Every structure is written in structure tokens, then in C-alpha cells.
Q: 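One structure coming up, written as C-alpha cells, with questions to follow.
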Amino acid sequence: MVKHIIIWNLKDELSDAEKQERKQLIKQGLENLKGKIDGLLEIKVITDLLGSSNGDLMLDSSFESEAALKAYSVHPEHVKVADSTVRPYTAQRKCADFEI
């Protein structure tokens, strides 16, 4: 199994209200991918990180294999969410992929 973890920082120009709304839209969009992409086992977006965190929200997902993760990255449903809901509103992205 492969874990795929991402931490994003939202753009500074977003107001606090816009950031809260965007977090919920990102969560909804990504979590709705479960069952639509082969090899995607679990997907969860954490929007309420503690103040000690250096990110605004986190994706925690699990895949059957590294090949399944690669297929997810280019899957049209994922690309649609990433291009419309995530990338235009994030300033920074950090990723960690590892086998468990």
C-alpha cells in the first residue's frame, strides 16, 4: 500500500471567510473521488489543523500501489478537481509518498 500525503497553504489574498469556504470545497471535491478511481483505497482531507501546523489543510490518501497513485495523478476526475478547486487557490504544496 502507498500513502500520499499533501499539505497546502492557501493564497494569502484570500480572506478568512474565503479560506474556510475553499477548504470545504477542496475537501468535498477530493473526498468525492472515492469509488471513482481504481486503486484509490482511502481519501480524507483535514481542514482543521492545529495552530502549531505550518499548512492550512492536508490530504491523507491510500492507494493499492505506486502504479495506482500514478494513475490517480492523471485520472480525468482528479485532474478536474485539482485544476478547478485546488490549484487556483493554493500558494504552496508539499507532498510525501511512501509505502506502508
Side-chain angles (χ1 to χ4, degrees):
M1 185 178 349
V2 170
K3 291 293 281 182
H4 175 60
I5 308 292
I6 297 178
I7 297 175
W8 291 283
N9 289 93
L10 296 172
K11 290 185 175 179
D12 288 337
E13 59 263 22
L14 296 174
S15 69
D16 288 343
E18 289 171 323
K19 286 182 179 183
Q20 289 306 315
E21 179 182 10
R22 182 54 41 194
K23 286 180 188 182
Q24 292 309 309
L25 291 170
I26 290 170
K27 178 178 179 68
Q28 179 182 25
L30 290 173
E31 289 182 355
N32 283 340
L33 295 175
K34 187 166 184 182
K36 295 180 180 177
I37 300 176
D38 290 340
L40 173 60
L41 303 174
E42 294 292 331
I43 188 163
K44 184 174 183 181
V45 176
I46 311 300
T47 59
D48 295 324
L49 299 177
L50 297 177
S52 57
S53 301
N54 59 10
D56 293 314
L57 67 161
M58 182 186 91
L59 169 70
D60 180 0
S61 53
S62 301
F63 294 84
E64 289 178 352
S65 64
E66 189 173 355
L69 171 59
K70 288 179 183 176
Y72 162 84
S73 71
V74 296
H75 190 283
E77 292 290 329
H78 169 255
V79 171
K80 182 173 132 183
V81 172
D83 285 349
S84 67
T85 308
V86 181
R87 291 183 182 123
Y89 304 95
T90 54
Q92 187 177 41
R93 174 189 180 271
K94 293 187 179 186
C95 176
D97 297 327
F98 54 95
E99 288 189 32
I100 57 170

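Given the structure is predicted, the values throughout are model-derived calculations rather than measurements.
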Q: Quick check on the hydrophobic clustering: are L33 and I6 connected, directly or via other members, by side-chain heavy-atom contacts under 4.5 Å?
A: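 Yes, because L33 and I6 connect within a single hydrophobic cluster, where side-chain heavy atoms sit under 4.5 Å apart.
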
Q: Provide the closest heavy-atom pair for K19 versus L14 in the form atom of the first, atom of the second, distance.
A: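 K19 and L14 have their closest heavy atoms at CE-O, 3.5 Å.
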
Q: Is it true that a side-chain atom of D97 and a backbone atom of V2 form a donor plus acceptor pair closer than 3.5 Å?
A: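 Not at all, since once roles are kept as given, no pair shorter than 3.5 Å links the two residues.
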
Q: Considering only heavy atoms from C-beta outward, does the side chain of K11 approach that of Y89 to under 4.5 Å?
A: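 SC-SC contact between K11 and Y89 ruled out.
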
Q: Do the rings of Y72 and H78 sit parallel, tilted or perpendicular, given the 30° and 60° boundaries?
A: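 Geometry flag for H78 against Y72: tilted rings.
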
Q: Check side-chain hydrogen bond (donor to acceptor under 3.5 Å, both in side chains) between R87 and all other residues, then give those that pass, not counting sequence neighbours.
A: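 By the side-chain hydrogen bond (donor to acceptor under 3.5 Å, both in side chains) rule, R87 matches D83.
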
Q: Would you say K27's side chain and V45's backbone share a donor-acceptor pair under 3.5 angstrom?
A: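 A pair under 3.5 Å: yes.
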
Q: Does the side chain of L10 come within less than 4.5 Å of I26's, by heavy atoms?
A: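 The answer is yes; the side chains approach within 4.5 Å.
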
Q: Would you name the heavy atoms of S84 and P88 that are closest together and state the gap between them?
A: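 Closest approach of S84 to P88, heavy atoms only: O-CG, 4.1 Å.
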
Q: Ignoring hydrogens and angles, tell me if any N or O in the side chain of R22 forms a donor-acceptor pair with the backbone of V86 under 3.5 Å.
A: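 Pair absent, no side-chain N/O of R22 close to backbone of V86.
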
Q: Taking all non-hydrogen atoms of both residues into account, name the closest pair between S15 and E18 and its distance.
A: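 Nearest heavy atoms, S15 then E18: N-OE1, 2.7 Å.
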
Q: Any chance CD of E31 has more than 12 other-residue heavy atoms, nucleotides or ligands included, within less than 6.0 Å?
A: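 Buried by this count: over 12 neighbours within 6.0 Å.
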
Q: Should we count CD of E99 as having more than 12 external heavy atoms under 6.0 Å?
A: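 Not buried by this count: 12 neighbours or fewer within 6.0 Å.
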
Q: Any link between I37 and L69 through a network of hydrophobic side chains (Ile, Leu, Val, Met, Phe, Trp, Tyr) touching at under 4.5 Å?
A: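 Yes.
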
Q: Within the 4.5 Å heavy-atom criterion, are F63 and L40 side-chain neighbours or not?
A: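 When only atoms from C-beta onward are counted, L40 and F63 do touch, with a gap below 4.5 Å.
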
Q: Mind jotting down which residue pairs meet the side-chain hydrogen bond (donor to acceptor under 3.5 Å, both in side chains) criterion with at least one end in residues 35-44? Sequence neighbours excluded, please.
A: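 Passing the test, one end in residues 35-44: K34-E42.
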
